[in-house]
Number of protein chains: 2
Amino acid sequence: MPAIPKPTISRLCKIYSLLEELEDKGQLKLSSNEIGRRLGVGSHNIRKDLTYLGETGTTGSGYEIKKLKDQIAESLGFTRKRKACIVGLGKMGTAILSNEMFFSKNFDIIAGFDTNINRLETLKIDIPLYPTYDIPVVVKREKIELALLTLPGETAQNIAEKLIEGGIKGIVNFSPVVLSSPDDKVYITNIDIIDEFRFLSALFTLEKKEADNAG
Amino acid sequence: MPAIPKPTISRLCKIYSLLEELEDKGQLKLSSNEIGRRLGVGSHNIRKDLTYLGETGTTGSGYEIKKLKDQIAESLGFTRKRKACIVGLGKMGTAILSNEMFFSKNFDIIAGFDTNINRLETLKIDIPLYPTYDIPVVVKREKIELALLTLPGETAQNIAEKLIEGGIKGIVNFSPVVLSSPDDKVYITNIDIIDEFRFLSALFTLEKKEADNAG
DNA sequence: CATTAATAGTGAAATAATTCACAATGTCAT
DNA sequence: ATGACATTGTGAATTATTTCACTATTAATG
Ligand SMILES: NC(=O)c1ccc[n+]([C@@H]2O[C@H](COP(=O)([O-])OP(=O)(O)OC[C@H]3O[C@@H](n4cnc5c(N)ncnc54)[C@H](O)[C@@H]3O)[C@@H](O)[C@H]2O)c1
Ligand SMILES: NC(=O)c1ccc[n+]([C@@H]2O[C@H](COP(=O)([O-])OP(=O)(O)OC[C@H]3O[C@@H](n4cnc5c(N)ncnc54)[C@H](O)[C@@H]3O)[C@@H](O)[C@H]2O)c1
């Protein structure tokens, strides 16, 4: 069986979210057309993506939500909850943590880290909080697989190295620097709202230029 | 001249961020190799990306940071600040707004919207705040081009339609639903931390499966 | 039961993006 | 000046991804 292309993996994750949402609403089935419309992607593309899971749908009638969800979970490893941690409990970090979403789905944030000990004592969050120097040992001991970084950019690279030392497998970096993996075994994604704003404005600027040239 | 591929646009945005960072630090030049290393991408790829800007570097000595930054700005439309707004001023929204970053670079958040009027009065942020029903008229009047959505998922599609009615050009959606553009003229990107966690865990799960099969 | 309307699955074709290899050009130290 | 070294730019080759066109299957209807 061929490896699943990354764009396909990314879409499968979004499809999974969508299925969760629709299942909550009580819907039982849906078509590749509906998935495509919701994701802003052609239905061909969706069907092709789903072939990587093996046989999934029923010709003529679409996909059964529960079954499809299980198949994606099976293929992508969502069958058990994964342990995660958060580093940097400032305004962003606590805002994110306050969202129950992170404790109900496929992940459990089971530890927080911050350099500011005072902050740690005054927070009212029911996960254990540790100082930053404990990162390698706690990550290793608790078998934490994922980390979310909501801390100042200057400190991100250094913290990433501590996490990697502890054996972390994936990092979502929210601090405003591009973090790259010093080690091929650790996957990193960078989220940056300003970058997204730039990307969008580049898209509509370029579209306009093209239109101007054509006219 | 051929259209710039989307992956290239995305990388150019990141390169732009990097150049800003290095310029602040006083660095004057850098090579495609250094850019590639920082972004976790091959230097070939970086050089190819930069060819879409026309002649940019100096053979043998690399790229001049200030010049390259200006060329990217020129090509992608970063030559003037763009107006943006934020919808949903709860914990996430205010945490993001508190970051001076959004007022110093290529964007200006000049308006906020929320349904909860009480919240509006108690916030201490020096941008004008409006109730949600004002979205179309304010967006149109102020010529706001970009919006950031930090509100409950159920409300996102409805708010997106109001923004589009006002003539918005791009939306960054932070609420936990996949928002798709009803209209091809409006660009949307969805940011979802849970999805990123899923993507990362899929990557290392699949890698492990492959290794198991090989061994 | 036959007919019609949806819809999945898929190999092949087309398109898009990345990687490669290397010539050409510049820098720098001596 | 010269030689050694570093680095860009790019057409070609490769690889990856998307799109297409069509068949087969099922559901629903009268
Ligand atoms: N990527 C984005 O789109 C985006 C958007 C908004 C904010 N941000 C970034 O998110 C980060 C956090 O923002 P915030 O508003 O919560 O800031 P904040 O100052 O409220 O919080 C930062 C927290 O990090 C802690 N910290 C500092 N150094 C640390 C270290 N070495 N190790 C661990 N913890 C450390 C501080 O004690 C504090 O609790 C900032 O870097 C900000 O620029 C990014
Ligand atoms: N995408 C992600 O990765 C991610 C991460 C964390 C939180 N979130 C989401 O971000 C959103 C905001 O989180 P929060 O912690 O700030 O929640 P919050 O409850 O503190 O804030 C929500 C705000 O939205 C306002 N609001 C409600 N309905 C509205 C409407 N129709 N129009 C305008 N404003 C409206 C509320 O008055 C409130 O001020 C939530 O949907 C949460 O799930 C997303």
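Labels below follow one simple rule: chain letters A, B, ... track the order of the sequence lines, proteins then strands, and each chain is numbered from 1. Values below: every heavy atom of this structure, side chains too, minus hydrogens, waters and symmetry copies.
For A/Tyr63, taking side-chain heavy atoms from C-beta onward, the closest of the listed nucleotides C/dG9, D/dG9, D/dT8 is C/dG9. Distance from the side chain of A/His44 is smallest to D/dC20 among D/dC20, C/dT7, D/dT7. Closest to the B/Asn45 side chain, of the nucleotides C/dT19, D/dT18, C/dT10, is C/dT19.
Rounded to 10 degrees, the angle separating the terminal helix axes of the helix from C/dC1-D/dG30 to C/dT30-D/dA1, each built from five base pairs, is 30°.
B/Glu142 is linked by a side chain to side chain donor-acceptor pair (under 3.5 Å) to nothing, counting only residues two or more places apart in sequence or in another chain. B/Phe78 is linked by a ring-ring contact (aromatic ring centres under 6.0 Å, His included) to B/Tyr16, counting only residues two or more places apart in sequence or in another chain. Here B/Arg82 pairs with A/Thr205, B/Glu145 under the side chain to side chain donor-acceptor pair (under 3.5 Å) rule; sequence neighbours left out.
Between B/Arg47 and A/Gly42, it is B/Arg47 whose nearest contact on DNA chain D lies nearer the 5' terminus. Residue whose closest nucleotide on DNA chain D sits further toward the 5' end, between A/Tyr52 and B/Gly60: B/Gly60.
No salt bridge links A/Lys6 with B/Glu207; every basic N to acidic carboxylate O contact stays at or beyond 4.0 Å.
Remark: the backbone N or O of A/Gly88 is paired with a side-chain donor or acceptor of A/Thr150 at under 3.5 angstrom. Distance alone, capped at 3.5 Å, is enough to place a donor-acceptor pair between the B/Thr132 side chain and the B/Thr115 backbone.
Distance A/Leu12 CG to D/dT17 P: 13 Å, rounded to the nearest Å.
Within the structure, ring-ring contact (aromatic ring centres under 6.0 Å, His included) pairs that include any residue of residues 21-69 of chain B do not occur (at least two apart or interchain).
Between A/Arg38 and B/Ser180, the closest side-chain pair of non-hydrogen atoms is not below 4.5 Å.
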Could you pull out the protein-nucleic contacts involving nucleotides 12-17 of chain C (nitrogen or oxygen on both sides, under 3.5 Å)?
none

